[in-house]
Amino acid sequence: MKTSPLTKLLLVFILLTGAGGKLAFAEEEITKAKVTGLRHLSIHILQLEKTMELYRDILGMELSESEVLQIPGIEGMLVLKFRADNLTIALSLPATSDSVGLIGNTNHNHFMLKVNNIGPIGDKLKSAGYELENDNYVNDLYTFFTGPNGEIIGLSSY
């Protein structure tokens, strides 16, 4: 069966536009601010030796970096960064045993989402009533906020 050029053109148009009738690769879709991936997970740890055994020895993740934070309120916190391909899990150990609190007591229990344009997303969050950790998120290229279930979510465009 022979297909006419007009029928072929119509089929290509349908494939490119979907049911909505607009081109799937329209410029507005390309520049739309959205989440593009997971940057990292960050979790407070309570048992250093068992944690190292699990993530490094059993799961085979690479300890790629460690640092001691010197940020007011969390001075001396040790952060261990384990990598597996494109995923980083940051495990943090508080400086003193009495600084361990409930899960979610600092932004170190969070997941960080990678976004392509933090400005419009931060603006939408603020207009929806979410409180952002910092108002300078456009220049800082990151911020944190608490989700509707108490989850701490970070956004990063760096």
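- Closest heavy-atom contact between Ala90 and Val79: CB-CG1, 4.0 Å.
- Contact between Met77 and Ser92 at its shortest, heavy atoms only, is SD-CB, 3.5 Å.
- Looking at every heavy atom in both residues, Tyr130 comes nearest to Pro148 through OH-CD, 3.8 Å.
- Around CG of Asp57, the count of heavy atoms belonging to other residues, nucleotides or ligands within 6.0 Å exceeds 12.
- The CD1 atom of Ile118 lies 10.0 Å from the CG atom of Leu113; values are rounded to the nearest 0.5 Å.
- Scanning both residues, Gly147 and Ile153, for their nearest heavy atoms gives CA-CD1, 4.1 Å.
- For the side chain to side chain donor-acceptor pair (under 3.5 Å) criterion with Thr88, the lone passing option out of Glu65, Lys81, Arg83 is Arg83.
- To the nearest 0.5 Å, atoms OG (Ser42) and CD1 (Ile89) are separated by 10.0 Å.
- Two residues are said to be in side-chain contact when any heavy atoms from C-beta on lie closer than 4.5 Å; Phe82 and Arg56 meet this criterion.
- For the atom pair NZ of Lys34 and CD1 of Ile121, the computed distance is 10.0 Å after rounding to the nearest 0.5 Å.
- Using a 4.5 Å cut-off on side-chain heavy atoms (C-beta onward), Leu63 and Leu80 make contact.
- Note that CG of Leu48 and CG of Leu78 are 7.0 Å apart. Values are rounded to the nearest 0.5 Å.
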Residue pair Glu131, Lys126: steps toward the salt bridge (charged side-chain N to carboxylate O under 4.0 Å, His left out) verdict:
CA-CA 6 Å; Glu131 186 178 324; Lys126 286 175 71 172; over 6 Å; no
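- To the nearest 0.5 Å, atoms CG (Leu93) and CD1 (Ile45) are separated by 5.0 Å.
- For the pair Arg39 and Phe111, the cation-pi criterion (under 6.0 Å, within 45° of the ring axis) is not fulfilled.
- Taken to the nearest 0.5 Å, the CG atom of Asp140 stands 9.0 Å off from the CD atom of Glu133.
- Considering only heavy atoms from C-beta on, Leu87 comes within 4.5 Å of Leu38 through its side chain.
- Ring orientation note: the planes of Phe144 and His110 are nearly perpendicular, at an angle over 60° on the 30°/60° scale.
- Side-chain atoms of Leu155 and Tyr137, non-hydrogen and from C-beta on, never get closer than 4.5 Å to each other.
- For the residue pair Tyr142 / Asn136, no side-chain donor-acceptor distance below 3.5 Å is found, with atom types taken as modelled.
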Working for side chain to side chain donor-acceptor pair (under 3.5 Å), residues Thr36 and Asn116
CA-CA 6 Å; Thr36 60; Asn116 64 350; over 6 Å; no
